[in-house]
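One structure is given here, and the rest of the page talks about it.
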Number of protein chains: 2
Amino acid sequence: MAKKTQRTPRRSDGLSKELIVKAAADLLDERGESALTLRALTTRLSTGYGAIYHHVENKGDLLAAATDDVVSRVMTGVVVDADPREALRAVASGLFDAIDAHPWVGAQLSREPSMPALLEVYESVGGLLDALGVPERSLFDAAGALVNYVLGVAGQNAANAAARDGGEAARSAFLGDVAARWSRLDPDRYPFVHKAAAHLREHDDREQFLAGVDIFLAGIATLR
Amino acid sequence: MAKKTQRTPRRSDGLSKELIVKAAADLLDERGESALTLRALTTRLSTGYGAIYHHVENKGDLLAAATDDVVSRVMTGVVVDADPREALRAVASGLFDAIDAHPWVGAQLSREPSMPALLEVYESVGGLLDALGVPERSLFDAAGALVNYVLGVAGQNAANAAARDGGEAARSAFLGDVAARWSRLDPDRYPFVHKAAAHLREHDDREQFLAGVDIFLAGIATLR
DNA sequence: ACGTTGTTGGATCGTCGCTCCAACACGCTA
DNA sequence: TAGCGTGTTGGAGCGACGATCCAACAACGT
């Protein structure tokens, strides 16, 4: 583009897919997954449907792009540790933290697992497991298992967050409610769940998630 | 009309929550998750909204009830093996088969993980892990990890099934499409995923799932 | 015979994702 | 400078959804 500039990019601000995706992500972060509607987007961007659909294929495309942003930021940010085991833990906890901060990412990932963003995850996990000495015949099973575990937790997290969305009362009460319901169960018929209810109150989701990762890694070590 | 009967239970057939849930499950099985609409239900049952909403709280309640049916049928049907390890594998593969046959169950489970149906699963898994000798301090982490893995696979399966729903062309092509896309990737930048594409074509979802369960169980064994 | 109660069908509402198109802003050519 | 072409923009409108609401109805007790 010779010309000096083609600036003043049309109207006062100039829309773009980037901008739209950013606005969508903000909406999702601020008001939860159910708040992302095309209508809410048009008012937030003070524009119309046409403008949005000119840059974006459909709502799914929008959600996918926003999720991709978050996940790929995690994957490029992960420290490449010398120890593959530590690097795997770093990938896992990086994903957990991102999903914890943006529950809608968890929902999208467990709903649409062939997303481009997950490609980076698979590649990273597969490579690290390879570096860990997992034999090739088990490599795909192992990587799939680990990623599926992460996706399971992602979905769970998203569901919990959605359940909390209702109101402030619901927010703090939700986990306690489940715990209360569980501890009210007949201890003879449901001994495990009954005991689990106590743990539920004082447990740390992140720690439990990482404990699960460790269990998988221990199991993977036996494949060597 | 002295007694005799109070049969002819109101109208020609007589609606009930059971009947409605059954019809919903049929609809889901036959035409996929997106086909379950209240409107479709009313025409299938040749009734109106009022009748349905009289027996059912809302659409979520309906989905939950249908899912509960499937899952609890699985859990009561599982053979109580003497060997806890085998019993765990039986629970896992029972769930997998049910989700494979009814992908909407997978979607619902990964979306709403505090469902009553999952209570039975947690209880069973927790009890079996206990019987396996997992120390109490690790019991909840282990059970959570295993269940989350199953939920992750469940969501993945549901997503794949939904992607196939489109048409017959899409149905058979879907997995091959992913494999093709993956194998077209730069082998230098994505060595693992590139190799995985080959496996993808000939892999068996069920076998891979069970391999994951075995990895998990091997990891559990190290907790002893 | 008549109200009571529990059930039924469907009109209707508000909201959603999305399509479609007239109006516009700019850069190019003449 | 005038006009055209192209790429953008805003918003009216469509069909489908979940859900609510209510008039009509069927069986029973009295």
Side-chain angles (χ1 to χ4, degrees), chain A residues 1-24 27-28 31-66 104 107-108 111-112 162 165-166, chain B residues 1-24 27-28 31-66 104 107-108 111-112 162 165-166:
Chain A
M1 300 314 154
K3 293 348 156 17
K4 196 101 124 283
T5 57
Q6 65 264 68
R7 64 181 87 130
T8 52
R10 185 52 64 91
R11 76 184 281 93
S12 63
D13 47 350
L15 226 39
S16 72
K17 177 156 182 179
E18 244 178 34
L19 240 168
I20 296 174
V21 169
K22 176 70 168 57
L27 216 41
L28 288 163
R31 319 223 318 263
E33 208 177 347
S34 64
L36 177 62
T37 69
L38 269 300
R39 262 161 254 265
L41 252 192
T42 59
T43 61
R44 173 173 277 244
L45 293 168
S46 43
T47 180
Y49 299 95
I52 289 180
Y53 274 90
H54 180 76
H55 295 278
V56 154
E57 195 134 345
N58 52 42
K59 194 183 175 182
D61 182 28
L62 197 56
L63 252 167
W104 49 273
Q108 172 67 12
R111 194 189 304 134
E112 201 97 26
D165 266 359
Chain B
M1 299 303 164
K3 324 321 157 50
K4 191 120 164 217
T5 59
Q6 67 258 69
R7 65 183 84 134
T8 54
R10 182 56 63 90
R11 78 183 279 94
S12 64
D13 47 350
L15 225 38
S16 71
K17 177 156 183 178
E18 245 178 34
L19 240 167
I20 296 175
V21 169
K22 176 70 167 59
L27 216 41
L28 288 162
R31 319 221 321 262
E33 208 177 346
S34 63
L36 177 61
T37 70
L38 269 301
R39 262 160 255 266
L41 252 192
T42 59
T43 60
R44 172 173 277 243
L45 293 167
S46 42
T47 177
Y49 298 95
I52 290 179
Y53 275 90
H54 180 78
H55 294 279
V56 154
E57 193 135 345
N58 51 41
K59 195 184 175 181
D61 182 27
L62 197 57
L63 252 168
W104 49 274
Q108 171 68 11
R111 194 189 304 133
E112 202 98 25
D165 266 359

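In this structure, A/Ile52 atom CD1 and C/dT19 atom P are separated by 13 Å, rounded to whole Å. Between the CG atom of B/Leu15 and the C1' atom of C/dG6 there is a distance of 13 Å, given to the nearest Å. Between the P atom of D/dC17 and the CG atom of B/Leu38 lies a distance of 10 Å, rounded to the nearest Å. The NZ-P distance, from A/Lys17 to D/dT9, rounds to 15 Å in whole Å. Separating the CG atom of A/Leu45 from the P atom of D/dT8 is a distance of 16 Å, rounded to the nearest angstrom. Between the CG atom of A/Leu19 and the P atom of D/dT9 there is a distance of 10 Å, given to the nearest Å. Straight-line distance from the CG atom of B/Leu36 to the C1' atom of D/dA16: 14 Å, rounded to whole Å.
Distances shown here put every side-chain N or O of B/His55 at or beyond 4.0 Å from the OP1 or OP2 atom of C/dG6. The shortest distance between the side-chain N/O atoms of B/His54 and the OP1/OP2 oxygens of C/dT8 is not below 4.0 Å. Phosphate contact (OP1/OP2 of C/dC18, side-chain N/O of A/Tyr53, threshold under 4.0 Å): present.
In this structure, the nucleotide among C/dG17, D/dT9, D/dG18 sitting nearest to the side chain of A/Thr37 is C/dG17. Set against D/dG18, C/dA11, C/dT19, the side chain of B/Arg39 has D/dG18 as its closest nucleotide. Distance from the side chain of B/Ala51 is smallest to C/dT8 among D/dA19, C/dT8, D/dA12.
Residue order along DNA chain C, read from the 5' end via each residue's closest nucleotide, puts A/Ser34 first among A/Gly50 and A/Ser34.
Contact annotation: the side chain of A/His54 never approaches that of A/Ile20 to less than 4.5 Å [non-hydrogen atoms, C-beta and beyond]. Two residues are said to be in side-chain contact when any heavy atoms from C-beta on lie closer than 4.5 Å; A/Leu63 and A/Arg111 meet this criterion.
The local environment of NZ in A/Lys59 is crowded, with over 12 non-hydrogen atoms from other residues, nucleotides or ligands closer than 6.0 Å.
The heavy-atom pair separating B/Ala65 from B/Val21 by the smallest distance is CB-CG2, 3.7 Å. Annotation for B/Ala40 and B/Thr43: closest pair O-OG1, 2.9 Å, computed over non-hydrogen atoms. Smallest separation of non-hydrogen atoms from B/Glu33 and B/Ala107: OE1-CB, 3.5 Å. Contact detail for B/Leu36 and B/Leu27: the closest heavy-atom pair is CD1-CD2, 4.2 Å.
Residue A/Leu41 is out of contact with every strand shown, counting any heavy-atom pair closer than 4.0 Å.
Near-neighbour residues of DNA chain D inside residues 58-66 of chain A, defined by a heavy atom below 4.0 Å, are absent.
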